[in-house]
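Reminder, nothing fancy here: chain letters follow the sequence lines and each chain counts from 1. Keep in mind it's a predicted model, so treat the numbers as computed, not measured.
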Amino acid sequence: MGVIDIMDAKGTSSLGNPNPNILTPHPSKSSVAIRFLRVLSLVRHTASSSPSSRACRIRRAACSCMAYSAGPRRAWSRALLRKLVRRRRKPPRRDLPRPAAIIRRRRPVGGDRLEVALRRVVPGGAGMEYCRLLEEAADYVKCLVMQVRLMQSIVDFESHVHSVNKRSEIDPGDRN
Amino acid sequence: MRGQKKTRRGEKDKLERARFVRKHSRAKAAFLTEAGRLKVGEYLERASSLSGFWVGALEWGKRSEVEDKVIILFLFLGQSKDKSFTVAVSEDPLPRLETSIDMNENKFVLNSHHDGGEWQFNTPAMSMVPLLPNAPSLAGGLMNQITRSSYLSTPMVEVFSPGQWNHHPTSSPNMALGESNFASTSSINSIPVGKPVAISPRGMLVSTEPRIFPTSLPHFPVDSAFVERAARFSCFGSGNFSGINFFGSSPAMAPSNNEGIGDQVQKDELLQVDHESFNGSTMKNQGDQNSQIGNGESRVVIFPEDGLEGNTGSTDAALNSSSSDRGVNKRRKTVPDIERDPVQGGRQSSSETTKENIENKQKVEQINSKQTEKNGKDNSEFVKEGYVHVRARRGQATNSHSLAERVRREKISERMKYLQELVPGCSKVTGKAVMLDEIINYVQSLQRQVEVSIMFLSMKLAAVNPQLDFGIEGLLAKNLLRAHGSSSSATGFSPEMIYPQAYPSQHNLVHTGISAMASHSDTFRRAISTQSTASGYKESPLQVQPMHIPWNEELITQMAYGANPSNPQNMDSKADDFAI
C-alpha cells in the first residue's frame, strides 16, 4: 500500500466518467506521482537559499507535473504550462492547435458573476465557451484532487518518516 | 485542365464541389431559358475546367396533373483521358435500356434492351472546346424538341459534380468489356458517368444506377424506382427531336473525329429507332401517363452533387465523423439529410419521389431541421464531436435556432451534473447558481490545499537534513502506510493548527486563523460534508497565506539561529506534531 495505492483507491471512483465528451484518459496517478517526486528531488538537490523561491519552484513543479500528466489536450493544462513558461522567461512552447477555441462562434460573455468567477479559477478559462469551460473545470477538479492527495500523502510520508527518525534519534539521545 | 483533379479525391473534390455549388445557382438560371444555352456552355466550361467531368441531364417539361412525370435525360459530359468530352444522352428506363460502352472505340453505346437499338456517342479525341458549345446547344436543342413533343414530360438537367467521373479512367477497362456488372436481368453495361443525381433523389438514383453503371463506381447512386419512373416516361416521344438535335451537335462535337460523323448518322437512325420503339414500349406500359406528358415549361434544375461521395453508404459516418467544427457546416448536415430522405423516398413511387426531391431541393432548411429531428436523439449521445442530432420533442418548437439552443442547454446540464458528482456534497444542491458557487469554492479550496502542501514540502526541503533520505526512492519502492483521505486531511489540518501554536509570536495568526476558520467553516460544513475538517483547513491557509512569507522567514530565522543539530530536532518535534 503505497502512495500510489492511496490515490488509486480513490481514483477508481472517478473512472466512471459520464461525461459524453471525448476526454483523454485521465492521467494515471502513478505517472503524476513519479514525475512529482523526481521534480522534488531535483528541487532538493538544487538548494537555493530563499525558501520562497523554493516554494515557488515546488509550486511550479506541482503545476507542471499536473499539467503534463493531464495531457496537452486539455485547455487548462496548456494555459497552466503557458503561465509556467512565462515565469521561466523561456521561449514559449508551441501550443497544440485548438481548433475548437480558435473558431469562436460565441464570445465568452462576462455577464454571469459565477461564470466569471469560474473562469478566473480555472486556468485558461477566459477564452472558452461555457460548455467547454464546464468540461475543463471538471477535468481540472479531478486533477487537482489527485494532486492534493499526492502531496498530502507525501507530507504524511515525510512526517511519518520524520517521526520515526526522531524516535530513533531520541532514544539514543536519551540514552546519551 | 487540371489533370490531377481527375485522380485526386477528397479535399480537392470538396473544393470543387463547393465551387460547383456556388456556380450552379447561376447556371440554374441559365438553363432556364434557351438563351441560356451559351451561359450553360460557359458554366459547363467553367465547371469542366474545375474538374473535367460533368454529367448532366436536362429536365424540362411540366408536371402532369396526376403525378410528376420526369423524363430524365442524361447528358453525359465525359472527359476522357485525352481531355475530350463525350456527350451521351440517354433516357433511363433501366429495364429497357441497355447501355454498353465500347471503350475500345471510344464510344458509349446505349442499347435499348428490348429494341436492340443503339445510341452511340463518340468521344471526340480532341479538345474539349468543340464539345462544350455543343453541350448546351444540344441541351437547348433537346429542350426545344422536347418541349414540342407531346411525350416529353420533365427531363432533368442534372449536372453532377466533377470528380465523380474520376472513376472513369479507372473503370474504363471494366467498361470496355461491355460487361454488365449488375445482377439485374437486363444486361446493362455501365456508363462511366458521375452521379446523375440532381432532382431525382440521390437515393433514388442509387438503386437505379448500379444497373446502368459499373459497380466500379461505388458511389454511384442508382434507384430502381427511378428507373421505373424513367421507364414510364417516353422522353424522346417523337424520336425525331432526340435524334436530330442530339446528333445535330454531334458532328460539331467531333470535328476532329471523322469517324464520328458516320457514327452520328448511325446514331441518328438508331436513336430514332430507339425512340420509336422505346416510345412504343414505354407507351404501352404507361399509356395513361404518357398522355399526361405534355409540353411544359422548360424547367431545368441542376443539382450539384455535393458531398455525395462517401456519403451514400455512410451517412452516419459522415455525420459522426469527428470534426471538431461543429458549427461550421450546415450544408454538410443537409447533404446527408437529403440523402437520407431520398433513400427513403426512393422506395416510393417515382413521381412521389420526384416531388419529394424537388421539395427537398427547395426546402432544404426545413427538411434539414425535420431530418435532424428524425435522426434521433440518441445520436446526440454518441456524437461527441461533429453533428448532433436532436429530436424535437412533442410540443416543442422545431425552429433550428431553438433546437440548437436546446442542444446547448442539454450539454450544459450534462456537464453540470458531472461536476456535481465530482464535487462532494453537491448532490443535494439544486440550481445552477448554487452549484456553480460550490464548484468554485471547491476548486479554490483545492488550490489552497495544494499551496499549503507546497509550502510544507518546501519547508521540509529547506530543513531537510542532507543525511535524511528524502525518501523519494523509498516512496516509490516501499509501501507506505495506507492513509485515508480524511486522515491525511486531518494530519494536514493539524500542522496548520499546530504551526501557529508552535510560534508564540504568531498568536495573532493563530487567532485570526482560528476565527477565520470558525467563520468560514460553517459555510463549508454545510456545503462539503465529507471534508468538514478540511474546510477549516482550507480556510486557515487562506488566512495564513498572506503570512506565509513572514512565517517562512520566521522559520528560517529560527532555523538559521538554531544550531544545526537542533534543527532536525525542531523539525522532528514539528514532525511529531504532524504525526498527531
Practice item. Could you tell me whether the side chain of B:R415 and the main chain of A:C131 form a donor-acceptor pair under 3.5 Å? Key: yes
Exercise for review: Verify, without hydrogens or angle tests, whether B:Q447 (side chain) and A:V121 (backbone) share a donor-acceptor contact under 3.5 angstrom.
Suggested key: yes
Point to revise | Interatomic spacing from CG in B:D437 to CG in A:L118 - rounded to 0.5 Å | key: 10.5 Å
Revision key, fill the gap. A:L114 and B:I440 have their tightest heavy-atom pair at O-CD1, 3.2 Å
Check your understanding: Where is the tightest heavy-atom contact between B:L446 and A:V141, given as atom of each residue plus distance?
Key -> CD1-O, 4.0 Å
**Study point:** Atom group of B:I412 that falls short of 4.5 Å from chain A, counting heavy atoms
**Key:** both
Review point. Taking side chain as C-beta onward, heavy atoms only, is B:L422 less than 4.5 Å from A:Y140?
Key: no
Check your understanding: For the atom pair CG (A:L144) and CD (B:Q449), what is the distance rounded to the nearest 0.5 Å?
Key -> 9.5 Å
Check your understanding: At what distance, to the nearest 0.5 angstrom, does NZ of B:K411 lie from CZ of A:R132?
Key -> 11.0 Å
